[in-house]
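In what follows, a single structure is set out as structure tokens and then discussed.
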Amino acid sequence: MSPFAEYEKKKGEIVEEFRKNARENGTFSLKKDTSNLFRNRVNKSKKLDVKRLNRVISIDPVHRIAEIEAMTTFEDLVNETLKTQLLPPVVPELKTITVGGALVGLGIESSSFRYGLVHETILEIEVLTGDGRVLICRPDNEHRDLFLAFPNSYGTLGIALKVKMKLIPAKPYVRITNEKFDRVETFFARMHELCAKNRSDETHSYIDGVIFSPNEQYIIQGEFTDEAPYLSNYKYLNIYYQSIRQKKENYLTTLDYIWRWDTDWFWCSKHFGMQNPLMRLLFGKFALNSKFYWKIKRLVFVNPIVKALVKLFEKPTESVIQDILIPIQNAAEFHNYLQKTIAVSPIWICPYYVYNTEEYAFCQFDPSQFYVDFGFWDMIPSTKPKGHFNRLIEQKADELNGYKSLYSDSYYTEEKFWQIHSKQAFLKVKHKYDPEKSFKDLYEKCVAR
Ligand SMILES: Cc1cc2nc3c(=O)[nH]c(=O)nc-3n(C[C@H](O)[C@H](O)[C@H](O)COP(=O)(O)OP(=O)(O)OC[C@H]3O[C@@H](n4cnc5c(N)ncnc54)[C@H](O)[C@@H]3O)c2cc1C
């Protein structure tokens, strides 16, 4: 059977199951093997098993377009595209993030200063809507409204079954340069200058940064090359983020560059003892990957016995897991606020310019504005009421015209949430494509507990 015929068969089974169960009360959620969500709820929704939609259907190297089943992980997608020296323009850092998850959840990476967020590289989405229809949505057809509403909708309007994605040419290696700074103002100004310059020229394909402290920051630039004088390896005993401080120049295979943050979940592997050389030696071969960390973390969140044990031995903490896009002119102020309130380190900084100027309904960024994403994922000691620090950060981000990603816990009031994400626009598409509420609404799903 051809990959396309196989897709049609799997799609038929899933749609049939959906329509059959839609008659029962309650909303649907997706049954998948992996996730990268950090919102902890008791999920009573009906589960729709969509795991099998996990294959790349075709890659057209001439027009540089991939047709992909939406639960395909970026790891599998990149393995396929690299066979013809192509890559998705934006590959989120964690191997298990799926094409559909990044589309509905605003995927970002170090190429986002040039190609925007993942959804800006998507050309077409085939959607199973809440009312049981299967629709092809494109910016130029009658379902343009759903196409534009899908990014940042987190599965509240329908399920992406298949997408068409633009691809870009790649080379076998990436040369990395790490430039050090000792003031955040200078660091952000230089990042702005570099991204504006490289936005359309082809030299530096990747730019991101790490803030280790108010006195130590790095801009990391990546450039495709055909040859490499040597190659570093950060998949086992050595740790990528530490190399940024140690080396001014470095070379990785393109595949290793793409997954450089996955091995140590940026730097969060420290919480699992995996930055200890002995632990790495003993368990590194199977434990050094984001899938493993997420499973352990999930176990601590959901298993009542493990939860109780952790509570018994651990001091009270608040988990502060956030990605927040801030306009560059407010970046230094936001950084200083984070230092004052939660003092987490390191912080990942990922630059972003709008690439596709379509008017996406739930993620409207200003095309003339340069943004930086602050990624910080940590547990901080706290005896304050639940969500205290997250609330402070949400308020500050809002004051500075920032935008907080919804994959982790949020504490907005319903009123505030709908000021940020137009309620009117949401209800309009919701009524049209999911009038009986087969899926939760955006506030219910992303904030309410
Ligand atoms: C520690 C951490 C760091 C992160 N860092 C980054 C980063 O650097 N770059 C980045 O891009 N992202 C990052 N993320 C966020 C991640 O991209 C989003 O959480 C994304 O939505 C996860 O995709 P997933 O495939 O794992 O989806 P899931 O976690 O399985 O699902 C996420 C949401 O999307 C919905 N959904 C999933 N698939 C579909 C579909 N096919 N159709 C409709 N709805 C669907 C689900 O219902 C759910 O609400 C990070 C997350 C964490 C926890």
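Every number for a ligand or one of its atoms is a count from 1 in the order of the listing. This one's a predicted model, so the numbers in the text were calculated from it and none came from an experiment.
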For ligand 1, which atoms have a heavy atom of [X] less than 4.0 angstrom away?
| X | value |
| --- | --- |
| T98 | 24 (P), 25 (O) |
| G155 | 43 (C), 44 (N) |
| G158 | 43 (C) |
| G100 | 38 (N), 39 (C), 41 (N) |
| M71 | 41 (N) |
| P92 | 10 (C), 11 (O) |

Next on the checklist: Filter on side chain to side chain donor-acceptor pair (under 3.5 Å), then keep only pairs touching residues 156-165, sequence neighbours left out; what's left?
Outcome noted: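 Every side chain to side chain donor-acceptor pair (under 3.5 Å) pair that includes a residue of residues 156-165, provided the two are not neighbours, is E67-K162.
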
Item to check | Among Y407, W261, F266, closest by any non-hydrogen atom to atom 18 (C) of ligand 1 | outcome: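 Result: the heavy atom closest to atom 18 (C) of ligand 1 is in Y407.
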
Checklist entry - So which of N152, V104, L117 gets nearest to atom 35 (C) of ligand 1, if we judge by its closest heavy atom? => result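 Looking at heavy atoms only, the winner is V104.
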
Checklist entry - Regarding R245 and the six-membered ring of F212, is the cationic atom NZ or CZ under 6.0 Å from the ring centre and inside 45° of its axis? => result yes

Checklist entry - Quick one: are T413 and K416 in side-chain contact, heavy atoms under 4.5 Å? => result yes

Checklist entry - Is the closest side-chain heavy-atom distance between R64 and P169 below 4.5 Å? => result yes

Please classify the [X] to ligand 1 contact at 4.0 Å (heavy-atom distances, strictly less than): side chain, backbone, both or neither.
| X | result |
| --- | --- |
| I108 | both |
| Y154 | both |
| K445 | side chain |

Give yes or no for whether the N/O distance cutoff of 3.5 Å, strictly under, is met between [X] and ligand 1.
| X | value |
| --- | --- |
| L94 | no |
| I321 | no |
| A160 | yes |
| D323 | no |
| E93 | yes |
| W348 | no |

Checklist entry - Among side-chain atoms of N356 and Y115, is any donor-acceptor pair under 3.5 angstrom? => result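 Judged by distance alone, the side chains do not pair up.
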
Item to check | Mutual orientation of the aromatic rings belonging to F286 and F283 [parallel < 30°, tilted 30-60°, perpendicular > 60°] | outcome: perpendicular

Next on the checklist: Quick check on K31: does its NZ atom have over 12 non-hydrogen neighbours (other residues, nucleotides or ligands) under 6.0 Å away?
Outcome noted: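 Not buried by this count: 12 neighbours or fewer within 6.0 Å.
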
Checklist outcome for this item: Given the options Y293, W267, W377, W261 meets ring-ring contact (aromatic ring centres under 6.0 Å, His included) only with W267

Checklist entry - Which residues pass the side chain to side chain contact (heavy atoms under 4.5 Å, CB included) test with E80, sequence neighbours left out? => result V56, I59, K83

Item to check | Steps toward side-chain hydrogen bond (donor to acceptor under 3.5 Å, both in side chains) verdict (D323, Y407) | outcome: CA-CA 9 Å; D323 269 73; Y407 69 81; 2.5 Å; yes

Checklist entry - Going through the checks in order, is the side-chain contact (heavy atoms from CB on, under 4.5 Å) test met by L30 and K47? => result CA-CA 6 Å; L30 304 184; K47 292 266 186 270; over 6 Å; no

